[in-house]
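Structure, as structure tokens:
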Amino acid sequence: MIKQRIIELLAQAVGKAQESGKLPSVAVPEITIEHPQNPEHGDYASSLPLKLARATGTGPMAIAETLVGLIPPAPEVESVTVAPPGFINFTLKNDWLTQQVDSILPAGSSYGNVELGQGGRVQLEFVSVNPTGPLHVGHGRGAILGNTLANVLAAAGYKVEKEYYVNDAGSQMDAFYRSLYARYQQALKVDAEMPADGYLGDYIVDLAKEIIADEGNRFLSLPEKEAIAEIGRLGLARMLARIKDDLELLGVNFDVWFREQDLFEQGQYDKVMALLREGGYIAEREEATWFVSTALGEDKDNVVVRSDGSPTYFATDIAYHYNKFVERKFDRVINIWGADHQGHISRMKAVVSALGITPERLVVMISQMVTLSRGGEAVKVSKRSGDIITLRELIDEVGADACRFFFAARSADSQMDFDLELAKKQSADNPVYYVQYAHARIASILRLAEDRKIDYADGDVSLLTTEPELTLIRRMLLLPEVVEMVTQTLEPHHLAYYAQDLATVFHSFYKQCRVVTEDEALTKARLKLVGAAKIALARTLHLMGMTAPDKM
RNA sequence: GCGCUUGUAGCUCAGUUGGAUAGAGCGCAGCCCUGCGGAGGCUGAGGUCGUGGGUUCGAGACCCGCCAAGCGCGCCA
């Protein structure tokens, strides 16, 4: 990557300066470069002299001059200049820029890949909604966040595994099973009351009817406990299938669906509890079993086994994370949780370190709340009451691509209001279409070239000399940097902004430079250029899980 | 009360981890179709970056206080 190359050039200059004594041998801060906002300042700029000035007690301008004199000539770089109060500005060579078109074209759908991960194994666990009801829009946000991140990490050279943790044990599932049983009975004209902690949504009624259609009334004759277990199993399977369908509509899929129940059946729960006990992290008190988080600096201890002998969610989550790190040996685990789980993070980190795992290997991202409104009026959301806007309704209204873009374009840690009216309205004039339109326009140009049987494989990219052409190339070259940034910050929203930026630059180029003209040589060169732009746009859209249409 | 997150243009949001003149989309006021897709291009108006201090060559970003919003602080998950 060119960015890395510039950093190396700078590092070399610093090394030489210190060797020759032109620069005191102080510790050199990490060399960073950035894109100046003013294009007159070149393609890359470093404020290294300003930072070195403090440590060396020398004037930043003098340091900058010294370094610039020691930067070796490079085929990529046109000029290196000093600018007050102590910046070093790099400008790239035009021929080098145009040559990049010839390297993007063969890269194709792998364009944008970087080697950061070195095959490190990363697990991304996200959505993981209790299968007690359909997904709603907030879950969609987490799904898109996780899926986009997975795509980017894979592009950065990590081995990524996407996982959905199915909470098929625990009291909430129990309430779901009992609710379903009550609805089942009611549908068969048997007097039954909904449990006090039951789920009231209509989808349970529908589920009960589906089960009756398939299985009839045979569960009525079973003892209640057995009937609930049988119906529960069927309901769970159906609920999971619906969740899977909804996610697939969004283009989100998982490599592993991990069942909470397995932690018990495979003995991992017992194993991890024994480990914690050996480590002295377990205390018995008030008839319950506690994880002594306070020993690790937490505010309070947490119950792992209730006084009735049943494990808490926290307890199984401990076993689950033991499984991730120790049994399955992921180098890094990224969990995406909803904002309401935020209080769970620090005790999870504490318990991970109690198990002897470096807590830095666990990253928990919080996807903030999505509130809903209709035309500015808030919509209350509650799964219990059944008053929810489902993810599926949203997809039906605005389409999967718009959903993907809309959610991915916002940073995870600021909460967002989703105005359903606005989302609909925006779908006619949405950045989604702006970006996809750029791709379709290029496809149209390439179709024209094909119709006219123009073979541009031998196009000479050095003919691309005008400002709109070079700007477009510069923007395409940013994609690997964006992939790198998203990988480092775990903030996929940069991708959405890049997509818009790239599309803007293309549309502007399109207005100023006609591609297919009488000038055969220039036509071929520009066909190569837009071909490369198509590759960059398509890759960006695909990383976001969106389609890159050739026609709209 | 304590913890996490947020506060930037009328609205929705970026701001590359402390750099040069704070940006985009929508909306608003205009302009541009003799040519590859006008779902487009161009110009303009619009900002005490919640607030008060501090750190330094330099702060929207970092530290402290305050204000406001959301979430959390269960033997729920």
Side-chain angles (χ1 to χ4, degrees), chain A residues 32-38 40-41 45-47 50-51 53-54 59-60 83-87 89 128-130 132 167 170-173 175 197 260 286-290 299-300 302-308 310-314 316-317 338-346 366 368-369 371 406 409-417 419 422 425-426 428-434 436-438 440-449 452 478 481-482 484-486 488-489 491 493-494 496-498 500-501 503-504 507-517 523 526-527 530 551-552:
Chain A
T32 57
I33 57 172
E34 60 227 26
H35 296 278
Q37 33 185 312
N38 186 341
E40 283 170 26
H41 295 142
S46 178
S47 57
L50 288 159
K51 285 166 185 152
R54 199 173 303 171
F87 290 100
N89 295 331
S128 297
V129 176
N130 285 1
T132 56
N167 292 107
S171 56
Q172 290 194 5
M173 279 318 288
D197 58 350
E260 180 180 8
E286 298 156 36
E287 292 171 14
T289 306
W290 300 71
D299 289 347
K300 51 180 93 165
N302 298 96
V303 172
V304 284
V305 182
R306 302 184 185 94
S307 45
D308 68 1
S310 63
T312 60
Y313 162 81
F314 182 45
T316 50
D317 225 16
D340 53 343
H341 284 56
Q342 156 267 120
H344 188 52
I345 297 176
S346 66
I366 291 298
Q368 285 294 335
M369 299 269 296
T371 56
F406 199 69
R410 272 150 189 80
S411 86
D413 46 23
S414 66
Q415 62 195 64
M416 63 184 285
D417 177 64
D419 190 323
L422 198 65
K425 207 179 97 191
Q426 275 190 339
D429 202 4
N430 199 299
V432 179
Y433 298 100
Y434 180 81
Q436 291 182 325
Y437 180 55
R441 258 186 164 175
I442 297 173
S444 165
I445 295 171
L446 296 178
R447 275 195 299 273
L448 178 75
R452 299 198 185 165
L478 242 42
E481 291 181 27
V482 173
E484 181 186 73
M485 173 165 52
V486 171
Q488 284 164 351
T489 59
E491 291 173 349
H493 67 270
H494 296 297
Y497 282 85
Y498 172 71
Q500 285 187 82
D501 195 26
T504 299
H507 284 308
S508 177
F509 155 83
Y510 176 88
K511 192 70 180 179
Q512 295 172 77
C513 303
R514 191 181 162 80
V515 176
V516 180
T517 61
T523 297
R526 285 188 172 163
L527 282 170
V530 297
K551 286 183 180 172
M552 292 172 70

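Keep in mind that the numbers below use all heavy atoms, side chains included, and drop hydrogens, waters and symmetry copies. In what follows, every chain begins at residue 1, and chains take the letters A, B, ... in the order their sequences are listed.
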Donor/acceptor link under 3.5 angstrom from [X] side chain onto base of [N]:
X: A/N89; N: B/A20; value: yes
X: A/R441; N: B/G38; value: no
X: A/N38; N: B/U21; value: yes
X: A/S171; N: B/C76; value: no
X: A/Q342; N: B/G3; value: yes
X: A/H341; N: B/A77; value: yes

Does the side-chain ring of A/F87 sit on the six-membered ring of the B/A20 base, less than 5.5 Å centre to centre and under 30° in tilt?
->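 So A/F87 counts as stacking on the base.
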Ring-base stacking, A/H41 with B/A20 (5.5 Å, 30° cut-offs) = yes
Quick one: list whatever passes salt bridge (Lys or Arg N to Asp or Glu O under 4.0 Å) with A/E484, sequence neighbours left out.
-> A/K3
Using the purine O4'-C1'-N9-C4 or pyrimidine O4'-C1'-N1-C2 torsion, is B/U17 syn (within 90° of 0) or anti?
->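 Judged by the O4'-C1' to base torsion, B/U17 sits in syn, the angle falling within 90° of 0.
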Syn versus anti for B/C71, judged by chi lying within 90° of 0?
-> anti
For B/C66, what is the paired nucleotide under Watson-Crick or G-U wobble rules, both distances under 3.5 Å?
-> B/G50
For B/C2, which nucleotide is its Watson-Crick or G-U wobble mate, given both distances must be under 3.5 Å?
->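 Its partner is B/G72.
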Expressed as a whole number of angstroms, how long is the span from [X]:[atom1] to [N]:[atom2]?
X: A/D417; N: B/G70; atom1: CG; atom2: C1'; value: 12 Å
X: A/K51; N: B/U17; atom1: NZ; atom2: P; value: 8 Å
X: A/E260; N: B/C76; atom1: CD; atom2: P; value: 14 Å
X: A/K511; N: B/G40; atom1: NZ; atom2: P; value: 11 Å
X: A/Y433; N: B/G25; atom1: OH; atom2: C1'; value: 16 Å
X: A/K300; N: B/G1; atom1: NZ; atom2: C1'; value: 12 Å
X: A/H507; N: B/G37; atom1: NE2; atom2: P; value: 13 Å
X: A/F509; N: B/G37; atom1: CZ; atom2: P; value: 14 Å

Give the minimum heavy-atom separation between [X] and [Y], together with the two atoms involved.
X: A/M552; Y: A/Y433; answer: CE-CD2, 3.8 Å
X: A/R514; Y: A/R526; answer: O-NH1, 2.8 Å
X: A/Y497; Y: A/A409; answer: CE1-O, 3.3 Å

Using a 4.0 Å heavy-atom cut-off across all strands, classify [X] as base, sugar-phosphate, or nothing.
X: A/M485; value: sugar-phosphate
X: A/Q512; value: nothing
X: A/H35; value: base
X: A/A83; value: base

Got a sec: does the CD of A/E287 have more than 12 other heavy atoms crowding it under 6.0 Å?
->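 Atom CD in A/E287 is not crowded, with 12 or fewer foreign heavy atoms closer than 6.0 Å.
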The side chain of A/W290 lies closest to which of these nucleotides: B/C13, B/C75, B/C36?
-> B/C75
Among the candidates B/C42, B/A24, B/C36, find the nucleotide nearest to the side-chain atoms of A/R514.
->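 Selected nucleotide (nearest to the side chain): B/C36.
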On a whole-Å scale, what distance lies between the P atoms belonging to B/G27 and B/U21?
->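 Taking atom P in both B/G27 and B/U21, they lie 32 Å apart.
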Any side-chain donor paired with an acceptor under 3.5 Å for A/Q172 and A/T132?
->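 There is no such pair between these side chains.
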